[in-house]
There are 2 protein chains.
Amino acid sequence: MAPTDPTPRPAPAAANQRREDVLDALGRRIVAGDLPAGAVLTLESVDASYGVSRSVSREAVQVLGAMGLITSRRRVGITVSPRSAWNVFDPRLIRWRLDGDERDEQLQTLSELRAGFEPAAAGLAALRATPEQAAAMAAAVSDMTVQARAQDLEAYLEADQRFHATMLVASGNEMYGALAGLVDEVLAGRTHHDLMPADPNPEAIEWHAEVARAVRRGEPAEAEAAMRRIIAEAADAQARMAAYDAARPAPGAAPDPETEPSAE
Amino acid sequence: MAPTDPTPRPAPAAANQRREDVLDALGRRIVAGDLPAGAVLTLESVDASYGVSRSVSREAVQVLGAMGLITSRRRVGITVSPRSAWNVFDPRLIRWRLDGDERDEQLQTLSELRAGFEPAAAGLAALRATPEQAAAMAAAVSDMTVQARAQDLEAYLEADQRFHATMLVASGNEMYGALAGLVDEVLAGRTHHDLMPADPNPEAIEWHAEVARAVRRGEPAEAEAAMRRIIAEAADAQARMAAYDAARPAPGAAPDPETEPSAE
DNA sequence: GATCTTCAAAGATCAGATTTATTGCCGTCC
DNA sequence: GGACGGCAATAAATCTGATCTTTGAAGATC
């Protein structure tokens, strides 16, 4: 984000810089498969190749161990663990995978997960949301409508994310609330991957409104059903857009403005 | 330095003993609320109170930071983070909460979560399970039937856990698969907390069989519906047992055998 | 009273030494 | 020939003391 950012600010969180760097680099290498399961390193090789002291490399390795990416054994070294041992819900790990080659697979995985839990969370929200939360959801829907009309996809995305995050927190279950970041990623991925029509489906927005209404009125079954429709529509729209994109030159590398028809 | 320790074997998994001890102790204190959000410690106080060197306390703190339990800032020290910042999906954190005073709340939270995702996972499993996985699910159901008849709750629990874990892995979505441990805890908590009737509901077992059948035949809607019934029945049975238990002396502390009627 | 400067506290990092558990190897014994 | 037991090398785990860097707050300046 903001690649050409000349921020004079010393960055918001540059606390333990080196450890973070090493952690990030190692984590991404593992996630990318550059260090496959079973690969072995030594602490010495780590601090040598990153030019840091043992303290730093050690702490990075500890955190990777806590995430389940590696195990460390005496006399053997640091062994990369099989994927089945990974804490796939760790936000850092999710980010690494979204930034890497596995982006599409990870988004697919997250979408499927979302399909499972969001309707249930909507049902709970209908039972537990405070009036303020219900109002915030309604406000988010209103913003979605406005931004859809303005064809401002970014602003639409923001409102959409706000809607879902508010709903998840309103479920009163902290674990659903903790999944808000994950839904953010799914929604953002859809928008930024050309898997979203230029003007969002009005029906989809109406269903969001329906969820907000059901939450306000305390009708769990209705909230759940409407959320289920939202998910189904999203999957459907995504499939349609993917088919549409597949029939045209890949927009990934150099999006030639000439080939873009109208929506933008 | 093994003062009065005659242990012949050095324990199966005593890798980084000290770090793990400090991590565990600190984590549990935070989870228990002994160190509330906003509380501040210094590294020095940590290694002083646990009698370890800076390296050890520092690494423990790093891991806690990665879990979102604390943040560390220069000149300030180590600050306990509010619960909203915690990585509530971290297995270690879940275990701490299950072992502490919050056990019931955590189980409730996990149960709600499970209600959301398990039906969806069952649907996916119906689309993706290998014949071996489908067979394993059927075998687990068969074991459940046998153990229910034998009134062996522990063995029943094991088969039940095996059924759900297999189904989650068979969903083909690694994030669902990673939730198997969580479901294990929910099921175990139910059994070990006297929230489970001495002989399991035959209907519940039949629904498990239905899921297994639907998975084998590749019928997602049926699998999902049957799983939904399982969840609903579990919630129902649990509520009934809780009401039943509430009407009798708490079995927690000293289970007086006299007051136990028949089922055991 | 607001801004600037200085200082000290506390983590971050480094570096060297020491301890301890593992593992592969080798020799011995059955 | 294979199993058991001791040996030594190895790499992590831990300790320790020192230095660097950031930053909150007290004090000085206007």
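By convention in this document, chain letters (A, B, ...) are assigned in the order of the sequence lines, proteins followed by strands, and residues within each chain are numbered from 1.
At dC14(C), one or more side-chain N or O atoms of S53(A) fall inside 4.0 Å of OP1 or OP2 (strictly under the cut-off). A close approach under 4.0 Å does occur between a side-chain nitrogen or oxygen of R18(A) and OP1 or OP2 of dC14(C).
Looking at heavy-atom distances under 4.0 Å, R58(B) makes contact with a base. Note on S72(B): only backbone sugar-phosphate atoms sit closer than 4.0 angstrom, heavy atoms only; bases stay farther off. Within the 4.0 angstrom heavy-atom criterion, only backbone atoms of the sugar-phosphate kind lie near R73(B); the bases stay farther away.
Nearest-nucleotide positions on DNA chain C place T42(B) closer to the 5' end than the other of T42(B) and V56(A). When each of R54(B) and L43(A) is assigned the nucleotide of DNA chain D with its nearest heavy atom, L43(A) is the one assigned upstream, toward the 5' end.
At least one side-chain heavy atom of W86(A) sits under 4.5 Å from a side-chain heavy atom of I30(A).
Heavy-atom neighbours of E44(A) CD from other residues, nucleotides or ligands within 6.0 Å: at or below the threshold of 12. Sparse packing is recorded around CG of D101(B), with 12 or fewer heavy atoms of other residues, nucleotides or ligands lying under 6.0 Å away.
In this entry the distance linking CD1 of I70(B) with C1' of dA10(C) reads 14 Å, nearest Å. To the nearest angstrom, C1' of dA15(C) lies 13 Å from CD of E44(A). Here the C1' atom of nucleotide dT22(C) and the CG atom of N16(B) are 14 Å apart, to the nearest Å. When the P atom of dA12(C) is taken as reference, atom CD of E59(A) falls 8 Å away, rounded to whole Å. In this entry the distance linking CG of L23(B) with P of dA13(D) reads 14 Å, nearest Å. At whole-Å resolution of the value, CG in D47(A) and P in dA15(C) are 10 Å apart. Per the geometry, CD belonging to Q62(B) stands 10 Å off C1' belonging to dG11(C), to the nearest Å. In this structure, the CZ atom of R74(B) is 6 Å from the C1' atom of dG11(C), given to the nearest Å.
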- request: Given side-chain hydrogen bond (donor to acceptor under 3.5 Å, both in side chains), test H164(B) with D184(B) step by step and report yes or no.
  value: CA-CA 8 Å; H164(B) 288 275; D184(B) 281 355; over 6 Å; no

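Taking 3.5 Å as the limit, the base of dA9(D) and the side chain of R75(A) contain a donor-acceptor pair of atoms between them.
Distances from the side chain of V52(A) to the nucleotides dC14(C), dA12(C), dC15(D) place dC14(C) closest.
If you check the side chains of Q17(A) and D21(A), you find a donor sitting under 3.5 Å from an acceptor.
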